[in-house]
Amino acid sequence: MSSFYVTTPIYYVNAAPHLGHAYTTIAVDALARHHRQRGEDVFFLTGTDEHGEPVADAAHALGVEPQELADRNAERFKALVPLLGAANDFFIRTTDSEHMAKVQEVLTRVRENGYVYEGTYEGWYCPRCADFKAENEIDEGNRCPIHHIELTREQEDSYFFKLSSFQEPLERLYAEQETWITPRTRYNEALSFIRSGLRDVPLTRHKLTWGVPVPWNEEHVFYVWFDALLNYYSALSYARPGEDLTGEFWPASYHVIAKDILRFHAIYWPALLMAAELELPERIFVHGYLLMDGEKMSKSLGNVLDPFAVIERFGADALRFYLLRDVPFGQDGSVSTASFEQRYESELANDLGNLASRTLAMIVRYRDGVVPASEMDPVLIPDFDGLTARVEELIGRAELTLALEEIWQRVRRLNRYVEEQAPWQLAKVQSRASDLDRALRTLAEGLRVVAVLLWPYLPASSERLLDALGANDLSLAGATLGAGKIERVRKIESLFPKSA
Ligand code: MSP
């Protein structure tokens with residue numbers, strides 16, 4: 001069985017989760033579910049990034065120990081995952097002792113391989129990004145281009161990672177694997193950063209104590225980004241007590257991130273893995289920002305939409321659908337309550353909700369809930385032909401929004417089919433019984449196919465629908481019109497009540 005290992009970034013615990021974090025987790029969950037439907041052995045990792053300045057500073061401001069703040073907020077991130085309807089296989093915390101030991105082990109190997117030296121770092125630093133900024137990345141007034149706060153001038157003894165040694169290997173990687181980073185704009189951005197010349201970067205911090213201790217000099221802790229990136233690798237070694245899943249799942253199939261952390265994943269990460277003689281992940285997918293009033297939503301800017309509140313009112317499926325449908329995956333997109341409500345009403349309640357309740361109600365009314373044994377209507381066959389393969393191809397490239405559009409066209413097609421066939425008219429004419437049979441069976445099958453394909457997006461609603469259809473096969477292999485064995489259906493309460 002082929003394996004599929006997919007990850008979200010691990011989120012900083014300096015504040016509570018917001019919709020931006022929920023977005024990535026939802027997208028990765030959709031990818032994971034799709035690959036489960038292919039019959040692959042899937043491992044979905046998410047978690048929290050707990051060391052470094054962002055967390056130490058936030059704890060200090062609140063007058064608590066970093067560990068206390070980390071414990072408190074890690075719980076909130078952990079609790080958010082199932083609330084989003086997401087099913088991860090493990091939740092990593094970088095304060096886990098197993099992770100910390102693995103970081104020490106791998107980075108010691110990097111040193112033994114000759115990629116670490118002692119030096120002094122001097123330059124601009126953003127404590128919110130935990131990032132050393134090059135001169136050309138700084139906004140006017142020595143400000144961080146992301147957080148708009150003033151940067152600090154840092155001078156500190158550090159051990160350095162010889163990133164510059166990987167100039168050529170990285171250029172080769174990018175030349176050989178043009179889809180290593182998608183979308184293409186992000187690939188180009190990373191490549192031009194590499195071509196501008198790689199400089200060595202600090203691997204350790206001397207001033208900071210909140211981090212993984214450096215084994216060869218305990219006055220230092222590892223720079224939080226190296227600690228954090230290694231979560232993708234370390235998790236596999238202890239996610240299942242007594243088992244090491246590294247052999248089965250490493251290298252990762254897909255890391256999903258937003259563009260704010262592109263450089264770390266596109267440059268530092270492969271260089272670090274090469275330095276440690278580990279295999280590189282197969283692909284990195286970079287999505288855009290959820291914007292509110294044109295600014296990236298972020299804890300530190302304070303313009304956040306609370307995912308907990310949205311879910312409580314409309315349910316997780318509605319949120320998942322909205323984010324993956326309204327914001328083209330890979331691009332930036334504005335989110336608002338108004339556009340959320342619009343999608344909810346017109347697409348979830350009207351398109352899908354009505355299709356489901358009408359179809360089921362008609363089968364119950366005209367055929368006592370028994371789905372007639374009939375052929376598929378030839379009129380609809382071409383519309384569904386190749387659909388599943390197309391969805392697989394698109395989601396295989398993380399094109400979640402495009403795949404959803406393909407499916408949604410079929411939802412709309414089925415609604416038009418109801419209008420064209422007007423089963424309520426057919427039901428009045430005895431001689432048209434077999435036409436009615438065919439229309440009802442075709443509708444039940446069409447509904448089943450879209451429900452299976454929608455499972456990654458709307459897991460709870462799809463399951464309810466499939467349950468009402470008496471069809472519980474979620475596999476893509478069965479997602480062909482006419483391949484189902486539906487016998488008897490039940491009516492359901494509306495899937496997306498308008499009064500929500
Ligand atoms: N801890 C680092 C990541 C380490 S990964 C080895 C970090 N954490 S973070 O809490 O700031 O999360 C950043 C990630 O959260 C983004 O890359 C993205 O996945 C998600 N998002 C946060 N805000 C977002 C938006 N406004 N829009 C889209 N994604 C958002 O960086």
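We're numbering straight along the sequence, starting at 1. When a ligand or atom number is given, it counts from 1 through the structure's own listing order.
- In this model, a donor atom of one side chain and an acceptor atom of the other lie less than 3.5 Å apart for His255 and Thr7.
- Looking only at atom types and distance, the side chain of Ser158 has no donor-acceptor partner in the side chain of Tyr223 under 3.5 Å away.
- Proximity to His265 (heavy-atom distance under 4.0 Å) selects the following atoms of ligand 1: 5 (S), 6 (C).
- At least one heavy atom of Trp225 sits closer than 4.0 Å to an atom of ligand 1.
- When each atom of ligand 1 is checked for a heavy atom of Tyr232 under 4.0 Å away, the hits are 5 (S), 6 (C).
- The option with the heavy atom closest to atom 2 (C) of ligand 1, from among Val256, Ile261, Ile10, is Ile10.
- Residue contacts with ligand 1: Lys259 is excluded, as none of its non-hydrogen atoms falls under 4.0 Å.
- The atoms of ligand 1 that sit less than 4.0 Å from any heavy atom of Tyr289 are 27 (N), 28 (C).
- Using modelled atom types, one finds no donor on one side chain facing an acceptor on the other under 3.5 Å when comparing His35 with Tyr254.
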Could you go through Leu348 and Arg343, starting from their C-alpha distance and side-chain angles, then the distance that decides it, and tell me whether this counts as side chain to side chain contact (heavy atoms under 4.5 Å, CB included)? CA-CA 7 Å; Leu348 288 178; Arg343 291 272 182 199; over 6 Å; no

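- Of all atoms in ligand 1, listed by their number and element, those nearer than 4.0 Å to a heavy atom of Tyr23 are 28 (C).
- Shown in contact with Gly20 at under 4.0 Å from a heavy atom are these atoms of ligand 1, numbered in order with element: 20 (C), 21 (N), 22 (C), 23 (N), 24 (C), 25 (C), 29 (N), 30 (C).
- For the ligand labelled ligand 1, residue Pro54 lies outside the 4.0 Å heavy-atom shell.
- Within the listing of ligand 1, atoms 22 (C), 23 (N) sit less than 4.0 angstrom from a heavy atom of His18.
- Interface atoms of ligand 1 facing Thr24, defined by a heavy-atom separation under 4.0 Å, are 18 (C), 19 (O), 20 (C).
- Annotation for ligand 1: atoms under 4.0 Å from non-hydrogen atoms of Ala228 are 6 (C).
- Where the criterion is an N or O separation shorter than 3.5 Å, residue side chain and backbone included, Ala258 meets it with respect to ligand 1.
- Any N or O atom pair closer than 3.5 Å counts here, and Pro9 shares no such pair with ligand 1.
- A salt bridge is defined here as a Lys NZ or Arg NE, NH1 or NH2 lying under 4.0 Å from an Asp or Glu carboxylate O, and Arg205 with Glu53 meets this definition.
- At a heavy-atom cutoff of 4.0 Å, ligand 1 is contacted by both the backbone and the side chain of Tyr11.
- For Tyr12, a nitrogen or oxygen atom sits less than 3.5 Å from a nitrogen or oxygen atom of ligand 1, counting backbone and side chain alike.
- The closest side-chain donor-acceptor pair between Thr182 and Thr179, if any, does not fall under 3.5 angstrom.
- Few gaps surround CD on Glu98; more than 12 heavy atoms of other groups in view lie less than 6.0 Å from it.
- The residues Glu248 and Arg240 are annotated as not salt-bridged, no charged nitrogen and carboxylate oxygen being separated by less than 4.0 angstrom.
- Of the heavy atoms in Asp260, only side-chain atoms (C-beta onward) come closer than 4.0 Å to ligand 1.
- More than 12 heavy atoms of other shown residues, nucleotides or ligands fall within 6.0 angstrom of atom CD in Glu405.
- Checked against the 6.0 Å centroid threshold, Phe166 and Tyr115 count as a close aromatic pair.
- Ion pairing of Glu178 with Arg184 is present here, as a side-chain N (NZ or NE/NH1/NH2) and a carboxylate O approach within less than 4.0 Å.
- Taking the six-membered ring for Trp and the full ring otherwise, the centers of Trp408 and Phe321 sit less than 6.0 Å from each other.
- Residue contact annotation: Phe264 has no non-hydrogen atom under 4.0 Å from ligand 1.
- Of all the heavy atoms of Asp49, the ones lying under 4.0 Å from any atom of ligand 1 belong exclusively to the side chain.
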